[in-house]
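This report concerns only the one structure given below.
So you know, we letter chains A, B, ... as the sequences are listed, proteins then strands, and number each from 1.
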Protein chains: 2
Amino acid sequence: MAIFSRTCEYAIRAVLYIAHQSTPSQKIGIKEIAAGIDSPELYLAKILQNLSKKGIINSTKGPHGGFYIQEDSLRKPLSEIVEAIDGEGLFRGCALGLSQCSELNPCPLHDQFKSIRTQIHQVLSQTTIGEFNQELVEGILSLRK
Amino acid sequence: MAIFSRTCEYAIRAVLYIAHQSTPSQKIGIKEIAAGIDSPELYLAKILQNLSKKGIINSTKGPHGGFYIQEDSLRKPLSEIVEAIDGEGLFRGCALGLSQCSELNPCPLHDQFKSIRTQIHQVLSQTTIGEFNQELVEGILSLRK
DNA sequence: TAAATAAAAGATATTCTTGTCCTTTAAATA
DNA sequence: TATTTAAAGGACAAGAATATCTTTTATTTA
Ligand code: FES
Ligand code: FES
C-alpha cells in the first residue's frame, strides 16, 4: 500500500507536469504528458478528463488543443487533486476503518493518527500546484520513474 | 483511500482483540473474533492464517482450539502486522509512485513526505500489540464499527 | 479408536481498480 | 464548408483486493 492510489499518483504527477510545461497559449497533448510522467496514455486521459470536469485543469479540443492550467489554478493546493480522486479518507477516516473517527468512540490508534493525518492534510493544503515549476525546470525535481 | 488496506485494518483490529481477549490457555475462535471486530468471518480466517504462519499470532486446531498470542508477542510493534500485510510501501515508497524514493531523483513531495513517513513508521514501531489491553478492557477504546 | 471440533488449505465468486478500445464531439485550418 | 486534429464519452478487458464456499488436517474428548 502506498499513501495515494495509483490513479492519484498519476493525477498529481500529470498536473504538476502540465503546470510547468504549458500555458493557456501553449497547451500540451495527452501523448506528451503520458510520456513525460511515465503513465499509460489512455488511462491518464480518463483521469485528466475527470480533473478537467472538476475545474482543476482545463482543456480544449482540436488542432493545437490539449491540456493547460489557468494562472489562478496554479495557486490551488494539491489537496484538491487528492480529494477529487481519493476522497477525504486520508484526512478524516479512521486509521483502523471504524465507520467514523471520533473522540467518543476512538480506536486504539486514534490519538497518534489524528496528528499524522493533520500533518498530511497540512502539507497537501499548503503546497500549491504551481510552486515546483522552477525546480522542475531546473531538473532538481523529477516526475518520471 | 485510507492509510491501510482494508485487510490490514481487519488484521490490526483482530490482533488487538485477540491480545486483550485471550491467553494461551483461553484461546478464542474465529467466530467470536469476527463478531468482536465486525469483520467477515471467512475472510478474517484467511488473514489470521497468514499472520499465524508469520508467527505474529498462534493457533491450535480442535476442541478448545482457536487463536491466541504468546506473552512475548505482546511486545511486538504494530509495524510487524502492517509490514506483513501491506508491505513497506507506506514507510519507504515514493509518495508519487516513482520507482524509488531517493535524494538523487526526488519527486516534488519528497522532503515533506519523508518526515510524514518517518512519523508513521515511528508510531507503528513504538506502539506494541499489548499496550492497549487495559483501555480495551475498560471500554475507553473500541475495535468495533 | 471414533466422533466432534476448529483451524488450514484450496477453489471459486464478487467487486473495485487499473488499463484499453472505439466512437463521438468540438475546435482549428485549409 | 470539408478535413484534420485532439479531447470527451461510452463500452469493455484485465488484474487485484475482498469475500465466500468446500474439503482437509490436526487436536481433543467420549
Ligand atoms: S477512531 Fe480510529 S483514528 Fe480516530
Ligand atoms: S522521491 Fe517521491 S517521496 Fe521520495
Side-chain angles (χ1 to χ4, degrees), chain A residues 1-15 18 22 24-35 37-69 82 84-87 89 97 145, chain B residues 1-15 18 22 24-35 37-69 82 84-87 89 97 145:
Chain A
M1 278 279 294
I3 295 257
F4 304 120
S5 69
R6 183 176 291 236
T7 304
C8 193
E9 292 173 352
Y10 291 153
I12 299 173
R13 304 216 310 266
V15 170
I18 295 168
S22 75
S25 58
Q26 280 286 303
K27 306 177 183 59
I28 183 170
I30 185 70
K31 263 195 163 51
E32 203 185 328
I33 303 170
I37 68 164
D38 276 317
S39 77
E41 179 186 329
L42 294 164
Y43 188 51
L44 185 62
K46 292 295 186 194
I47 300 171
L48 296 188
Q49 242 175 72
N50 180 9
L51 293 177
S52 180
K53 261 192 273 188
K54 288 177 177 150
I56 295 171
I57 58 175
N58 301 89
S59 69
T60 57
K61 295 177 176 179
H64 297 110
F67 295 91
Y68 63 100
I69 194 163
V82 174
I85 308 237
D86 283 347
K145 300 194 174 175
Chain B
M1 280 279 294
I3 295 257
F4 304 120
S5 68
R6 183 178 292 232
T7 305
C8 192
E9 292 172 353
Y10 291 154
I12 299 174
R13 302 213 314 263
V15 170
I18 295 168
S22 75
S25 58
Q26 279 289 301
K27 306 177 181 60
I28 184 170
I30 186 69
K31 262 196 163 52
E32 203 184 327
I33 301 169
I37 67 164
D38 275 317
S39 77
E41 180 187 328
L42 293 165
Y43 187 53
L44 185 62
K46 292 294 185 194
I47 300 170
L48 296 188
Q49 243 174 72
N50 180 8
L51 294 176
S52 180
K53 263 192 271 187
K54 287 178 177 149
I56 295 171
I57 58 175
N58 301 89
S59 68
T60 57
K61 297 176 176 180
H64 298 110
F67 295 90
Y68 63 101
I69 195 162
V82 175
I85 309 236
D86 282 348
K145 301 194 173 175

Give the intermediate values and the outcome of side-chain contact (heavy atoms from CB on, under 4.5 Å) for residues B:Ile18 and B:Leu48. CA-CA 11 Å; B:Ile18 295 168; B:Leu48 296 188; 4.2 Å; yes
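How far CD of B:Glu32 is from OG of B:Ser22: 9.5 Å, rounded to the nearest 0.5 Å. Between the CD1 atom of A:Ile47 and the CD atom of A:Glu9 there is a distance of 10.0 Å, given to the nearest 0.5 Å. Taken to the nearest 0.5 Å, the CG atom of A:Asp86 stands 7.5 Å off from the OG1 atom of A:Thr7. If you take OH on B:Tyr10 and CD1 on B:Ile37, they are separated by 8.0 Å, rounding to the nearest 0.5 Å. Atom-to-atom distance recorded for A:Met1:CE and B:Phe4:CZ is 8.5 Å, nearest 0.5 angstrom.
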Under 4.0 Å protein heavy-atom contact, by nucleotide of nucleotides 18-30 of chain D - B base, S sugar-phosphate only: BBBB---BBBBS-
Got a list of side-chain donor-acceptor pairs under 3.5 Å for residues 52-64 of chain A, not counting sequence neighbours?
from    : atom 1 : to      : atom 2 : distance (Å)
A:Lys54 : NZ     : A:Asn50 : OD1    : 3.1
A:Lys54 : NZ     : A:Ala84 : O      : 3.1

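Put simply, chain B comes within 4.0 Å of DNA chain C, heavy atom to any atom, from C:dT5 to C:dA11, going 5' to 3'.
The ring-ring contact (aromatic ring centres under 6.0 Å, His included) check on A:Tyr68 picks up nothing, with sequence neighbours excluded. Considering only residues two or more places apart in sequence or on other chains, B:Ala34 meets the side chain to side chain contact (heavy atoms under 4.5 Å, CB included) condition with B:Ser39, B:Glu41, B:Leu44.
With contacts defined as side-chain heavy-atom distances shorter than 4.5 Å, the pair B:Ile30/B:Leu42 does not qualify.
Contacts of residues 48-59 of chain A with DNA chain D (heavy atom under 4.0 Å): A:Gln49, A:Ser52, A:Lys53, A:Ser59.
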